[in-house]
S.K.: 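My questions all concern the structure below.
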Amino acid sequence: MKKQLDKILTIQPWAIAVSFITVGFFRESILGYFMFFIMFILFTYWKLRLGEELYSRLEDKSILSLKRFRYQLAFVVLYLFGVLIITDGFGYSIN
């Protein structure tokens, strides 16, 4: 399963842009929320695997703590997820 998901690391930038545009077209429907959730998970996995891969290539591993990187990524994901829940996914408006 991990080998199959590692193909995410080879996705071309234009494919990511097209997927964001596609999600934007369906943002008000159940399909849009589902697509956003899937993209959110895939993007988080991509960031995690990219960080792990870069860490494995470091010669001096004392520069970066992989455990701290994972905690920081989890904090960002939980923060964004909390903001999406609190604001109902529409953000905020300044009047």
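For this chain, numbers begin at 1 and follow the sequence in order.
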S.K.: If the condition is ring-ring contact (aromatic ring centres under 6.0 Å, His included), which residues does Phe43 pass it with, not counting sequence neighbours?
M.R.: Trp46
S.K.: To the nearest 0.5 Å, how far apart are NZ in Lys67 and OH in Tyr55?
M.R.: 12.0 Å
S.K.: To check you understand the geometry: which heavy-atom pair defines the closest contact between Lys61 and Arg57, and what is its length?
M.R.: NZ-N, 4.5 Å
S.K.: Rounded at 0.5 Å granularity, tell me how far CG in Leu66 sits from CG in Leu58.
M.R.: 10.0 Å
S.K.: Flag yes if Ile21 and Met39 sit in one hydrophobic cluster, no otherwise; membership is Ile, Leu, Val, Met, Phe, Trp, Tyr, and two members link when side-chain heavy atoms are under 4.5 Å apart.
M.R.: yes
S.K.: Using 0.5 Å steps for rounding, measure from the CG atom of Leu50 to the CZ atom of Phe69.
M.R.: 7.0 Å
S.K.: May I have the list of side-chain donor-acceptor pairs in residues 71-80 shorter than 3.5 Å, sequence neighbours left out?
M.R.:
none

S.K.: Between Lys47 (side chain only) and Leu42 (backbone N and O only), is there a donor and an acceptor less than 3.5 Å apart?
M.R.: no
S.K.: Decide if atom CZ of Phe34 counts as having more than 12 heavy atoms of other residues, nucleotides or ligands within a radius under 6.0 Å.
M.R.: no
S.K.: Can you list the residues that meet the side-chain hydrogen bond (donor to acceptor under 3.5 Å, both in side chains) rule with Arg68, with sequence neighbours excluded?
M.R.: none
